[in-house]
Amino acid sequence: MDKLQELLDKTKYQVFILSSPVPFPLSYGIHLWFVLNLKGKIHRIEFGRFNGSPHKEGIGVLKDFLPLTKGMNMFFFRRNPRFTSRIEDFVEGHKNSDAFKLATFILEHYEDYPLKNEYKLLGPNSNSFVGWVLKQFPDIKISVSFRAVGLNYFK
């Protein structure tokens with residue numbers, strides 16, 4: 001995704017929320033994940049059920065498991081073709097900004113996600129992980145599609 005590369009700024013702290021449709025026939029829903037930029041140190045962090053995951057039953061929070069913008073597979077039974085991803089929203093700033101605090105929290109606490117061993121279609125799911133993180137920062141206003149089923153699981 002060229003848009004992400006254009007927006008990445010190695011002088012700032014940035015937190016992007018990316019999305020991709022989930023595999024057919026559930027493609028109306030989307031899968032969310034974070035891309036963190038800590039002044040040039042870039043990571044993808046997400047929760048879900050993934051083939052090849054090192055976690056039990058493939059369920060867990062993963063860091064840098066997939067390339068930054070790689071979308072979900074279009075079909076459950078095939079790894080390719082894949083959907084394209086899009087940026088839902090992002091925050092950015094310098095040291096001690098909301099973006100800095102959010103990025104630091106995600107990087108230091110992603111493994112603390114309380115439901116990291118559970119995955120259900122309607123939640124908890126990948127979007128519930130994003131919702132859990134954002135709930136820690138109620139003053140940060142980030143907008144994501146209503147198609148993110150499970151985002152409000154913790155509300």
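To the nearest 0.5 Å, atoms CZ (Arg86) and CD1 (Ile17) are separated by 11.5 Å.
When side chains are defined from C-beta on, Tyr28 does not count as touching Pro21, because their heavy atoms never get closer than 4.5 Å. You'll find the side chain of Ser53 reaches within 4.5 Å of the side chain of Leu62, heavy atoms only. Annotation: side chain of Ile87 is in contact with side chain of Lys3 (closest heavy-atom distance under 4.5 Å). No side-chain heavy atom of Tyr110 sits less than 4.5 Å from a side-chain heavy atom of Phe34. Ile42 places a side-chain heavy atom less than 4.5 Å from the side chain of Leu68. The shortest distance between side-chain heavy atoms of Pro124 and Phe154 does not fall below 4.5 Å. Put simply, the side chain of Asn125 does not reach to within 4.5 Å of the side chain of Lys120, judged on heavy atoms. Proximity of Leu107 to Lys63: side-chain heavy atoms (C-beta onward) are separated by under 4.5 Å at one or more points.
Scored by the ring pair (Phe, Tyr, Trp, His ring centres under 6.0 Å) test, His109 finds Phe105 as partners (sequence neighbours excluded). For Phe100, the ring pair (Phe, Tyr, Trp, His ring centres under 6.0 Å) partners at least two apart in sequence or on another chain are Tyr13.
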Exercise for the section: Any chance you could lay out the side-chain contact (heavy atoms from CB on, under 4.5 Å) test for Val91 and Ile140, step after step, and finish with the verdict? Expected result: CA-CA 8 Å; Val91 294; Ile140 297 177; 3.8 Å; yes
Exercise for the section: Go through the steps to decide whether Lys12 and Lys39 satisfy the test side-chain contact (heavy atoms from CB on, under 4.5 Å), and finish with yes or no. Expected result: CA-CA 5 Å; Lys12 294 181 180 177; Lys39 293 180 75 174; 5.8 Å; no
Practice task
Kindly indicate, with the supporting measurements, whether the criterion side-chain hydrogen bond (donor to acceptor under 3.5 Å, both in side chains) is fulfilled by His31 and Ser20.
Solution key: CA-CA 5 Å; His31 167 78; Ser20 166; over 6 Å; no
Exercise for the section: Mind running side-chain contact (heavy atoms from CB on, under 4.5 Å) on Ile45 and Val61 for me, showing each step along the way? Expected result: CA-CA 7 Å; Ile45 297 181; Val61 185; 4.1 Å; yes
Practice task
Could you give me the CA-CA distance, side-chain angles and deciding distance for Phe137 and Asp98, then say whether side-chain contact (heavy atoms from CB on, under 4.5 Å) is met?
Solution key: CA-CA 8 Å; Phe137 298 88; Asp98 286 342; over 6 Å; no
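Val149 and Leu26 fall into different hydrophobic clusters, defined by Ile, Leu, Val, Met, Phe, Trp and Tyr side-chain heavy atoms under 4.5 Å apart, directly or through other members. Under a hydrophobic-cluster definition in which Ile, Leu, Val, Met, Phe, Trp and Tyr are linked whenever side-chain heavy atoms come within less than 4.5 Å, directly or via other members, Ile142 and Phe16 are assigned to different clusters.
The nearest pair of heavy atoms linking Phe83 to Ser27 is CZ-OG, 3.7 Å. Gly123 and Ser128 get closest at one heavy-atom pair: CA-OG, 3.9 Å. Residues Leu36 and Ala103 come closest through the heavy atom pair CD1-O, 3.9 Å. Closest non-hydrogen pair, Gly40 versus Asn37, comes out as N-OD1, 2.7 Å. Ile59 and Asn117 make their closest contact through CG2-C, 4.0 Å (heavy atoms, listed as atom of the first residue, atom of the second, distance).
Partner of Trp33 under the side chain to side chain contact (heavy atoms under 4.5 Å, CB included) criterion, out of Arg44, Glu88, Lys70: Arg44 alone.
For Asp112, the CG atom sits in a packed shell: over 12 heavy atoms of surrounding residues, nucleotides or ligands are nearer than 6.0 Å.
Taking the six-membered ring for Trp and thresholds of 30 and 60 degrees, Phe47 and Tyr119 have ring planes inclined between 30 and 60 degrees apart. Using cut-offs of 30° and 60° for the angle between ring planes, the Phe50 and Phe65 rings count as tilted.
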